[in-house]
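A quick write-up on the structure given underneath.
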Amino acid sequence: TLKNRVALQHKYDTFILVADLQALTDNFENPKKVSENVKSLVIDYLSVGLDPNLCKFVIQSQVPELTELYFYYMNIVNLGRLQRNPTVKEELKQKGLDKNIPMGFLTYPVSQAADITGFDADLVPVGDDQLPMIEQTREIVRRFNKLYGKTIKEPEALVGDFPRLVGTDGKQKMGKS
């Protein structure tokens, strides 16, 4: 079976998050670019077959509860764990950020954890490069549940039939932009 979002929207309650706040982590000097990309990203999703009658499009900045949950999660994740995340390490290297790392960029896995758990997700369709992010989300959930006696679901990653697309440069992974 296909494991892409177009197929999944027919089987699951599907949320498509447009992470405009997260996009600011490496576009903080150009917020206009981020706001312009919101509309074009939704158009891209519609053009590949995502149906707004079957799935819910969510603009991250329009759901303040995600930022609130992000804040709670920030207090239970330490700097060392964020620095060890293989996906973050690779992206820092690709962007040449070395020692000049914006905190928003470094903590975006925590923001992603809030985005995922804020919608009570069971499955998260990802490329294989995002598996460390899902594992970090699961760690955050376990710790949060232990500390606060809550029962936030631990989401599972769902890797598609094509776990990673090569970018147009033939080297890096394909990005949304």
Side-chain angles (χ1 to χ4, degrees), residues 1-28 30-74 77 85 87-88 91 104-105 107-142 144-145 148 150-165 173-177:
T1 61
L2 289 174
K3 296 178 186 170
N4 65 49
R5 291 181 183 178
V6 175
L8 294 172
Q9 72 182 339
H10 297 282
K11 293 176 148 184
Y12 299 97
D13 193 15
T14 303
F15 293 85
I16 304 298
L17 183 79
V18 178
D20 56 337
L21 293 177
Q22 183 180 325
L24 287 171
T25 62
D26 58 354
N27 288 286
F28 58 92
N30 194 354
K32 185 176 181 188
K33 175 184 172 188
V34 172
S35 63
E36 290 170 354
N37 284 342
V38 167
K39 183 178 179 182
S40 66
L41 183 59
V42 171
I43 290 169
D44 289 346
Y45 281 137
L46 294 170
S47 73
V48 297
L50 289 174
D51 183 345
N53 295 309
L54 297 175
C55 58
K56 295 151 196 80
F57 289 87
V58 179
I59 309 299
Q60 185 183 38
S61 62
Q62 300 302 306
V63 185
E65 293 84 357
L66 296 176
T67 304
E68 182 179 349
L69 190 54
Y70 170 49
F71 176 82
Y72 285 109
Y73 287 172
M74 288 286 292
V77 177
N85 184 306
T87 305
V88 172
E91 290 186 22
F105 186 86
T107 63
Y108 86 83
V110 183
S111 174
Q112 281 187 338
D115 296 339
I116 292 165
T117 61
F119 293 96
D120 209 22
D122 293 300
L123 292 172
V124 184
V126 294
D128 61 1
D129 61 311
Q130 293 294 306
L131 290 173
M133 302 300 233
I134 301 304
E135 183 51 38
Q136 191 159 22
T137 296
R138 292 170 55 81
E139 290 171 11
I140 290 168
V141 167
R142 285 191 294 270
F144 184 90
N145 288 343
Y148 297 105
K150 303 291 182 191
T151 17
I152 295 174
K153 283 183 189 173
E154 279 189 52
E156 296 288 335
L158 180 65
V159 178
D161 296 331
F162 300 96
R164 191 179 308 197
L165 296 177
K173 72 172 188 159
M174 181 68 75
K176 290 179 196 77
S177 61

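Here, residue 1 is the first one in the sequence, and each next residue gets the next number.
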Contacts under 3.5 angstrom, residues 12-19 side chains, donor-acceptor by atom type, not counting sequence neighbours:
from  : atom 1 : to    : atom 2 : distance (Å)
Asp13 : OD1    : Lys56 : NZ     : 2.4
Thr14 : OG1    : Tyr12 : O      : 3.0

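Checking Asp51 against Gln9 by side-chain atom types alone, no donor-acceptor pair falls below 3.5 Å. With no hydrogens or angles considered, a side-chain donor-acceptor pair links Asp20 and Ser61 at under 3.5 Å. Side-chain polar atoms of Asn27 and Lys33 form a donor-acceptor pair below 3.5 angstrom. Side chains of Ser111 and Tyr73: a donor-acceptor N/O pair is absent below 3.5 angstrom, by distance only.
Between the Glu156 side chain and the Val124 main chain, no donor and acceptor come within less than 3.5 Å of each other.
Of all heavy-atom pairs between Asn37 and Ser40, the closest is O-OG, 3.1 Å. Closest heavy-atom contact between Ala23 and Val34: CB-CG1, 3.9 Å. When every heavy atom of Ile140 is checked against every heavy atom of Ala113, the shortest pair comes out as CD1-CB, 3.8 Å. Considering all non-hydrogen atoms of both residues, Ala157 and Leu131 come closest at CB-CD2, 3.5 Å. Listed here is the closest heavy atom pair of Val126 and Gln130: CB-CB, 3.7 Å. Looking at every heavy atom in both residues, Ile116 comes nearest to Thr137 through CD1-OG1, 3.9 Å.
Of the candidates Glu135, Met133, Gln136, Thr87 forms a side-chain contact (heavy atoms from CB on, under 4.5 Å) with just one, namely Met133.
Between Lys32 and Asn30 the shortest side-chain heavy-atom distance falls below 4.5 Å. When side chains are defined from C-beta on, Leu123 does not count as touching Pro155, because their heavy atoms never get closer than 4.5 Å.
Put simply, CZ on Arg142 and CD on Glu154 are 4.5 Å apart, with the number rounded to the nearest 0.5 Å. Rounding to the nearest 0.5 Å places CZ of Phe105 at 11.0 Å from CZ of Phe28. The CG atom of Asn85 lies 11.5 Å from the OG1 atom of Thr107; values are rounded to the nearest 0.5 Å. Asn4 contributes atom CG, which lies 9.5 Å from atom CG of Leu158 (distance to the nearest 0.5 angstrom).
Under the 30°/60° scheme for interplanar angles, the aromatic rings of Phe57 and Tyr45 are found to be tilted.
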Would Lys153 and Thr117 count as a side-chain contact (heavy atoms from CB on, under 4.5 Å) here? Give the steps.
CA-CA 7 Å; Lys153 283 183 189 173; Thr117 61; over 6 Å; no
Taking it one step at a time, do Leu66 and Phe119 satisfy side-chain contact (heavy atoms from CB on, under 4.5 Å)?
CA-CA 9 Å; Leu66 296 176; Phe119 293 96; 4.0 Å; yes
